[in-house]
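The structure under discussion appears below in the form of structure tokens.
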Amino acid sequence: MMPKWRAFAPKRSSEMGKLAGIRVVDLSLFLPGPMMTLMMADQGAEVIKIEPPTGDPARDMEPFQAGQSVWFRNLNRGKSSLVLDLKSEAGRERLWELIADADVFVEGFRPGAIQRLGFAQEAVRARNPRIVYCSISAFGQSGHLAQHPAHDLVVEALSGFLSVNDGGEGEPVVPGVPAADMAAGLTALSAVLMALMGREKTGRGDYVDCAMFDSLLPWSAHIAGGALAGGDPPRSADQRSLGGAAFYQVYRTADGRHIVLGGREPKFVANLLEALGRPDLVPLGSAPAGPAQTPLRDFLAATFASRSRDDWVAWFQHRDVAFAPVLDFREALAAPHVAERGLVVELGDAHQIAPAIRFAEEQWSQSSAPELGEWR
């Protein structure tokens, strides 16, 4: 017997996109899971966002534009919204109907919660052996941290990353990018797509236990090699990529703004120091990060403090040096490059960030995010 929901929600297999015909049942909220399923929706997957009666908390996050949270719209465009109370028999039955014909199931509860609701991966995969079931959590489904409550900042602290997110005095500060959230979203997407490819060979789905902690840790290989090998942990002041190198550094300008040097290759070092009349300092650009580069950092700091940020932008034009002004988001989003690449689009009175994944032979068309309970 055909599940009753299919009468008004057929698979959208005829639509364009690499993932057209893939149906995703998404129980995740906030950031990692919704980011993952957004990338699937942008490529044509049908994503059914299951929300509690109060909705995804991101719906209430300021600021708002055209009656919706900018955050919520940019992570949930192109999806359908279905309100289900999973503590009720009717809500659970409805979810089972959706699972029966789904390709992907995503949940972001604390480990154990989804099992208590009756939707453990074993039960779901028993009913639909072809489904790819993905759990996204802070520390994974096993281990002594599995039940530890956490958002991005806690994961960054426990993984070591926050220790090197510090200023000149070594005091850790709240990071500007939720790296653990984003790493988990990208890792989960990759794993689910791999599982879908594997299903083409075996006919069976799989289970993905995606942890924010596990997803972020590999990103440390370029800075934490010593600690990984059993030695000392990295210190930002002595690290070539974290503030110990003069040519990978942030400098204050005369107007209280900042610029960066972001490339330590010898040609960039020579090009800049010769233009500044200090070729004698070129060898220091290849010195070990840390105290050995202090004279070079001091010279550059004093030099850049002598002019405004925009003066330096003009000075650096046509010079082959890895340089950039530090822009705020308003400046960054208004920059010509964003317009040239079509990275911000308008739909009605609302602005959206275009997907980073786009294909030459397919045209991405923006869509709005659903209102609570809006089925498409």
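FYI, the numbering just counts along the sequence from 1.
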Task: Flag side-chain contact, heavy atom, 4.5 Å: Q141 against Q115 - done: yes
Open item on the list: Do E51 and R59 have side chains that approach each other closer than 4.5 Å (heavy atoms only, starting at C-beta)?
Closed with: yes
Open item on the list: Under a plain distance cut-off of 3.5 Å, with no hydrogens placed, do D310 and S308 share a side-chain donor-acceptor pair?
Closed with: no
Task: L31 side chain reached by D152 side chain, heavy atoms, under 4.5 Å - done: no
TODO: Report the residues that fulfil side chain to side chain contact (heavy atoms under 4.5 Å, CB included) with T294, sequence neighbours left out, ordered by chain and then residue number.
DONE: P291, R297, D298
Open item on the list: Less than 4.5 Å apart, side chain to side chain, heavy atoms only: is that true for K49 and P34?
Closed with: yes
Task: Distance in Å, L272 CG paired with K267 NZ, rounded so as to fall on 0.5 Å steps - done: 14.0 Å
Open item on the list: On the six-membered ring of Y207, is R125 placed so that its NZ or CZ lies under 6.0 angstrom from the centre and within 45° of the ring axis?
Closed with: no
TODO: Tell me, please, which residues at least two apart from E331 pass side chain to side chain contact (heavy atoms under 4.5 Å, CB included).
DONE: R257, R309, L327, D328
Task: Ring geometry between F213 and F139 (parallel below 30°, tilted from 30 to 60°, perpendicular above 60°) - done: tilted
TODO: Measure up the W312 and W315 rings against each other and bin them: parallel (under 30°), tilted (30 to 60°), perpendicular (over 60°).
DONE: perpendicular
TODO: Side-chain contact test, heavy atoms from C-beta onward, threshold under 4.5 Å: evaluate it for F268 versus F323 and give yes or no.
DONE: no
TODO: State, yes or no, whether a side-chain contact exists between P57 and L29 at a heavy-atom distance under 4.5 Å.
DONE: yes
- [ ] Would you please name every residue forming a side chain to side chain contact (heavy atoms under 4.5 Å, CB included) with E371, sequence neighbours left out?
- [x] Q68, E374
Task: Sub-4.5 Å side-chain heavy-atom contact between D103 and R199 - done: yes
